[in-house]
*Asks:* 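For reference, the structure I am asking about is given below.
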Amino acid sequence: MAWSVLLLPLLVAAAILLGLKRWSGVSALVSTGSALLTLIFCILLASGGEAAVETKSYPWISIGDRPSGEEIQAGNFNPHPGEALHIGIGFTIDGLSRGMMLIVTSIGFLVHLFSLGYMKDDKGKSRYFAGLSLFLFSMTGIVLADNFVMMFVFWELVGVSSYILIGHWYDKASAADAAKKAFLVNRIGDFGFMAGILLVWILTGSIYFDEIAKAVGGVGNAQLLNIAVLCVFCGAVGKSAQVPLHVWLPDAMEGPTPVSALIHAATMVAAGVFMLARVSFLIDAAEFAAHTIVWVGAITALLAALMALQQNDIKRVLAYSTLSQLGYMVMAQGVGHGGSDAGMFHLYTHAFFKALLFLGSGAVIYACHHEQDIWKMGGLKKKLPITFWTFALGTAALIAVPFTSGFWSKEAILEAALHEKLHGPYAIAILVAFLTPFYMTRLVLVAFFGKPRTKDADHAHEVGPVMWVPLALLAFLAVFSAYGFVSGPLLARGHADIGHLFGHFGLTAILSLVGLVVGVGAAIYFYKGRDQDPISIPLFRDKFKIDELYLGLVHLFQDAVAKGMDFADRYLVDPLVARFPAMTALAAGSVFRVFNVGNVQTYAFFFGVAAVGVILYLVL
């Protein structure tokens, strides 16, 4: 069953590209059908509950002797780099992987279904659906991997898949640039990830998660362990778009909107958080690295929320919202003592309501003839009633309205941070809990209320069933996914606990509700009935000039390299490589030219001198 989940999307992608590409309708249906089939397989796999299942691991690369499980448990082996390396292709099927697989395949299927309507007239439709299938293959490989190297291979395949899908409209310069930017920025984080894997192997003698978990307690070099965990964390910083490698995610909105929902809201960016949850035993053993992870997540959550306040593109607002919520999840992974489960719980609920918001924004963009500026919309509540109400429910979950799914998962993270006395990150998280309702209420008021501001908004009409049915299903999950009757079968790492809420109505609940009320109220006060933004904060609108800073550093580096190459060319290459051989040949020619005068008597004289010289040499 696990092999079917992994390989079916790959076979479909190959079939589309090699045989079905010319029949776009057939390609779309085959890809969507395979997504449904993988979802069914994952539901069957999830029926095993939290219990781990042993699966056969197929050897791939084997160097040296592998220690036995008893030796690892007892710590009676002395790992040395290069002494032994064993890599296999195998699966870890436990509660964590089963739950993540259900998220990936359920969101993946709904995105496929939505895309049947959204991409129906696209000229690259077959290529698009092949890319979706390739992405599902790559993502399932990450989730099922039982060792670091297998995870890294599929990690890179996810990067390739995102490059293909973000740059789907490759003739559009901004989309092509966004695809390259995403690919290159992720390579920076992935280089650190690769270094971290090597360091973990050096310290524990293994790349398998279960063996590392047993061996990490015996690692004596705490400083090197912290470095190894921070390097592994670099992979999550890139893939989950944390500061300072967050700059690729907003630009990635240049791809088709369903791609944004699939990759950048629900699954790909969640891969970093999932990876941290998978190696939580490493984070728990590295105190300094854990604190660093907490602060990086908290700072990302705050900066992204501030950037979202001044964005006018509906997809960019949601993109920065995703950055902010990912900050919450990453912060939770460093908290420890239940924080990892709280982070995965928020990943689980966020997948549904953020996929709903992105697909809802796609419906709005589609209805408004591909207009994305919220200030060129307005009055869409009456034009798109189904889209509006589903979007409103997704917004309610995102801003943590009590008893929606987002409320329970966000509270779990805040409670974990408060329990560990992480007062600085906790205060930042509470501030973000105020900013999120503010910018999301601004988005809903400007886009859906008031009067239509353009002809495109005035002529908008509701999308067809193939697009609003996924919205309705996701709206249900956005509200109820945290409750036991949904989260239990989906193996979420947490659930709603109403008894705990009313029995322990403490500081976190009070501050969250105050932030919600003040944020929504302030947004209504500033934006109700407005036709232009009454607030202008260029620093937030320009994303703190971080992109410009990176561009300046790149130019500075390029200029330095160019000047160095010019110096080397002018004073080293040109004199030594070009001029010196030429001058040597010229000088040699001048010398030998003396002996080639064309005079018979001169040649006879040289011949005689040479003969005398040979005789003297032989005699003496």
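Along the sequence shown, residues are numbered consecutively beginning with 1.
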*Asks:* Write down the atom of Ser34, the atom of Leu8, and the distance for their closest heavy-atom approach.
*Replies:*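 Answer, listing the atom of Ser34 first, then Leu8: O-CD2, 3.9 Å.
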*Asks:* Run the side-chain hydrogen bond (donor to acceptor under 3.5 Å, both in side chains) test against Asp456 and tell me which residues pass, sequence neighbours left out.
*Replies:*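 Partners of Asp456 under the side-chain hydrogen bond (donor to acceptor under 3.5 Å, both in side chains) test: none.
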*Asks:* Compare all side-chain heavy atoms of Lys181 with those of Glu254 and state whether any distance is below 4.5 angstrom.
*Replies:*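 No - every pair of side-chain heavy atoms lies 4.5 Å or more apart.
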*Asks:* Begin from the C-alpha positions of Lys455 and His459 and carry the test side-chain hydrogen bond (donor to acceptor under 3.5 Å, both in side chains) through to its verdict.
*Replies:* CA-CA 6 Å; Lys455 291 182 179 180; His459 296 157; over 6 Å; no
*Asks:* Heavy-atom count around Lys172 NZ within 6.0 Å, excluding the residue itself: above 12?
*Replies:*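 Yes, enclosed.
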*Asks:* Under a 4.0 Å N-O cut-off, is there an ion pair linking Lys180 with Asp177?
*Replies:*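 Yes, this pair counts.
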*Asks:* Do the rings of His370 and Tyr366 sit parallel, tilted or perpendicular, given the 30° and 60° boundaries?
*Replies:*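 Ring orientation of His370 relative to Tyr366: perpendicular.
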*Asks:* Which heavy-atom pair separates Met331 from Ala417 by the least distance, and what is that distance?
*Replies:*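 So the minimum-distance heavy-atom pair works out to CE-CB, 4.4 Å.
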*Asks:* When you measure from the side chain of Lys239 to the backbone of Ala271, do you find a donor-acceptor pair of N or O atoms at a distance under 3.5 Å?
*Replies:*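 Not confirmed, Lys239 side chain does not pair with Ala271 backbone.
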*Asks:* Under 4.5 Å between any side-chain heavy atoms of Lys410 and Gln325, yes or no?
*Replies:*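 No. Closest side-chain heavy atoms not under 4.5 Å.
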*Asks:* State the CZ-CG distance between Phe352 and Leu110, to the nearest 0.5 angstrom.
*Replies:*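 If I round to the nearest 0.5 Å, the distance is 8.5 Å.
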*Asks:* How close do Leu318 and Lys354 get, counting heavy atoms only, and between which atoms?
*Replies:*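 Smallest heavy-atom distance, with atoms named: O-NZ, 3.8 Å.
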*Asks:* In terms of relative ring orientation, are Phe403 and Phe407 parallel, tilted or perpendicular, with 30° and 60° separating the classes?
*Replies:*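 Geometry flag for Phe407 against Phe403: tilted rings.
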*Asks:* Aromatic contact between Phe388 and Phe449, with the criterion being ring centroids under 6.0 Å apart: yes or no?
*Replies:*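 Close enough - the centres of the two rings lie under 6.0 Å apart.
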*Asks:* Are Ser27 and Ser126 linked by a side-chain donor-acceptor pair shorter than 3.5 Å?
*Replies:*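 Ser126 and Ser27 do have a side-chain donor-acceptor pair below 3.5 Å.
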*Asks:* For the pair Trp375 and Tyr527, name the ring-plane relationship: parallel under 30°, tilted 30 to 60°, perpendicular over 60°.
*Replies:*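 It falls in the tilted class, 30° to 60°.
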*Asks:* Identify the heavy atoms of Val158 and Phe135 that sit nearest to each other, and give their distance.
*Replies:*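 For Val158 versus Phe135, the nearest heavy atoms are CG1-CE1, 4.2 Å.
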*Asks:* Within a reach of under 6.0 Å around OH of Tyr163, are more than 12 heavy atoms found that belong to other residues, nucleotides or ligands?
*Replies:*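 Result for OH/Tyr163: open.
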*Asks:* With Phe434, which of Val518, Val517, Val520, Val514 fulfils side-chain contact (heavy atoms from CB on, under 4.5 Å)?
*Replies:*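 Between Phe434 and the candidates, side-chain contact (heavy atoms from CB on, under 4.5 Å) is satisfied uniquely by Val518.
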*Asks:* If you measure from CG on Leu359 to CD1 on Ile365, what distance do you get to the nearest 0.5 Å?
*Replies:*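 Between Leu359 CG and Ile365 CD1, I get 11.0 Å after rounding to 0.5 Å.
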*Asks:* Taking CH2 in Trp389 as the centre, count heavy atoms belonging to other residues, nucleotides or ligands within less than 6.0 Å. Is the count above 12?
*Replies:*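 Not more than 12 within 6.0 Å, no.
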*Asks:* Side chains of Thr140 and Thr38: does their closest heavy-atom pair fall under 4.5 Å?
*Replies:*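 No, side chains not in contact.
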*Asks:* Evaluate the side-chain proximity of Met100 to Ile142: yes if any heavy-atom separation is below 4.5 Å, no if none is.
*Replies:*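 When only atoms from C-beta onward are counted, Met100 and Ile142 do not touch, as no gap falls below 4.5 Å.
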*Asks:* Quick one: closest heavy-atom pair of Ser240 and Gly272, and the distance?
*Replies:*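 Minimum heavy-atom contact is OG-CA, 3.2 Å.
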*Asks:* Do Leu474 and Ile107 pass the side-chain contact (heavy atoms from CB on, under 4.5 Å) test, and can you show the C-alpha distance, the side-chain angles, and the key distance before you say yes or no?
*Replies:* CA-CA 9 Å; Leu474 287 169; Ile107 299 296; 3.9 Å; yes
*Asks:* Is it the case that the side chain of Ser161 and the backbone of Leu157 share a donor-acceptor pair, with hydrogens and angles ignored and the cut-off at 3.5 Å?
*Replies:*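 Checking the backbone N and O of Leu157 against the side chain of Ser161, a donor-acceptor pair under 3.5 Å is found.
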*Asks:* Show, in sequence, the C-alpha distance, side-chain angles and deciding distance for Ser162 and Asn186, and conclude whether the side-chain contact (heavy atoms from CB on, under 4.5 Å) test is met.
*Replies:* CA-CA 11 Å; Ser162 66; Asn186 271 277; 5.7 Å; no
*Asks:* Answer yes or no: is there a side-chain heavy-atom contact under 4.5 Å between Val259 and Tyr128?
*Replies:*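 Val259 reaches Tyr128 side chain to side chain.
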*Asks:* Kindly compute the distance separating CE (Met377) from SG (Cys368), expressed to the nearest 0.5 Å.
*Replies:*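 It comes to 5.0 Å.
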*Asks:* Is the backbone of Thr387 close enough, under 3.5 Å, to the side chain of Glu462 for a donor and an acceptor to pair up by distance?
*Replies:*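 It does hold such a pair.
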*Asks:* Quick one, Phe114 and Met467 - any side-chain contact, counting heavy atoms below 4.5 Å?
*Replies:*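 Counting from C-beta outward, Phe114 and Met467 do come under 4.5 Å.
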*Asks:* Heavy-atom count around Tyr170 OH within 6.0 Å, excluding the residue itself: above 12?
*Replies:*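 No, not enclosed.
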*Asks:* At what distance, to the nearest 0.5 angstrom, does CG of Leu398 lie from OG1 of Thr436?
*Replies:*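 The CG atom of Leu398 sits 6.0 Å away from the OG1 atom of Thr436.
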*Asks:* For Asp251, is there an ion pair with Arg316 - N to carboxylate O distance below 4.0 angstrom?
*Replies:*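 Yes, Arg316 and Asp251 are salt-bridged.
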*Asks:* Check step by step if side-chain hydrogen bond (donor to acceptor under 3.5 Å, both in side chains) holds for Ser487 and Tyr348.
*Replies:* CA-CA 9 Å; Ser487 64; Tyr348 157 80; 5.0 Å; no
*Asks:* Could you tell me whether a side-chain N or O of Arg530 sits under 3.5 Å from a main-chain N or O of Val446, the two making a donor and an acceptor?
*Replies:*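 Such a contact is absent between Arg530 side chain and Val446 backbone.
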*Asks:* Quick one: do the Glu411 and Thr508 side chains pair a donor with an acceptor below 3.5 Å?
*Replies:*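 No donor-acceptor contact under 3.5 Å links the two side chains.
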*Asks:* Below 4.0 angstrom, N of the basic side chain to O of the carboxylate: do Lys123 and Asp171 qualify?
*Replies:*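 Judged by the 4.0 Å cut-off on N to carboxylate O distance, Lys123 and Asp171 do form a salt bridge.
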*Asks:* How far does OG1 of Thr300 sit from CG of Leu326, to the nearest 0.5 angstrom?
*Replies:*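 One finds 9.0 Å between OG1 of Thr300 and CG of Leu326.
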*Asks:* About how many Å separate CG of Leu443 and OG1 of Thr395, when rounded to the nearest 0.5 Å?
*Replies:*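 The OG1 atom of Thr395 sits 6.5 Å away from the CG atom of Leu443.
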*Asks:* Indicate whether any N or O donor in one side chain lies under 3.5 Å from an N or O acceptor in the other, for Ser31 and His112.
*Replies:*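 Short answer, yes.
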*Asks:* Does any part of the side chain of Ile428, heavy atoms only, come nearer than 4.5 Å to the side chain of Leu431, both counted from C-beta?
*Replies:*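 When only atoms from C-beta onward are counted, Ile428 and Leu431 do not touch, as no gap falls below 4.5 Å.
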*Asks:* Can you tell if the side chain of Leu347 reaches within under 4.5 Å of the side chain of Ile103, non-hydrogen atoms only?
*Replies:*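 Contact flag for Leu347/Ile103 side chains = yes.
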*Asks:* Any side-chain donor-acceptor pair under 3.5 Å between Thr257 and Tyr118?
*Replies:*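 Per modelled atom types, Thr257 and Tyr118 side chains form a pair under 3.5 Å.
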*Asks:* Return the orientation label for the Phe485 and Tyr483 ring planes: parallel under 30°, perpendicular over 60°, tilted otherwise.
*Replies:*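 Parallel.
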*Asks:* Test side-chain contact (heavy atoms from CB on, under 4.5 Å) on Val273 and Gln333; report intermediate values, then the result.
*Replies:* CA-CA 8 Å; Val273 179; Gln333 296 304 321; 3.8 Å; yes
*Asks:* Is the closest basic N to carboxylate O distance between Asp458 and Lys451 below 4.0 Å?
*Replies:*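 No, Asp458 and Lys451 are not salt-bridged.
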*Asks:* Are the side chain of Ser361 and the backbone of Phe358 linked by a donor-acceptor contact shorter than 3.5 Å?
*Replies:*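 Here the side-chain-to-backbone pair exists.
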*Asks:* Mind listing the closest non-hydrogen atom pair of Leu513 and Pro402 along with its distance?
*Replies:*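 Closest pair (atom of Leu513, atom of Pro402, distance): CD2-CG, 3.3 Å.
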*Asks:* Please work out which of the three classes, parallel, tilted or perpendicular, describes the rings of Phe448 and Phe391, given edges at 30° and 60°.
*Replies:*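 Plane angle between 30° and 60°, so tilted.
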*Asks:* Can you list the steps and then say if Leu511 with Tyr426 is a side-chain contact (heavy atoms from CB on, under 4.5 Å)?
*Replies:* CA-CA 11 Å; Leu511 292 176; Tyr426 178 80; 3.9 Å; yes
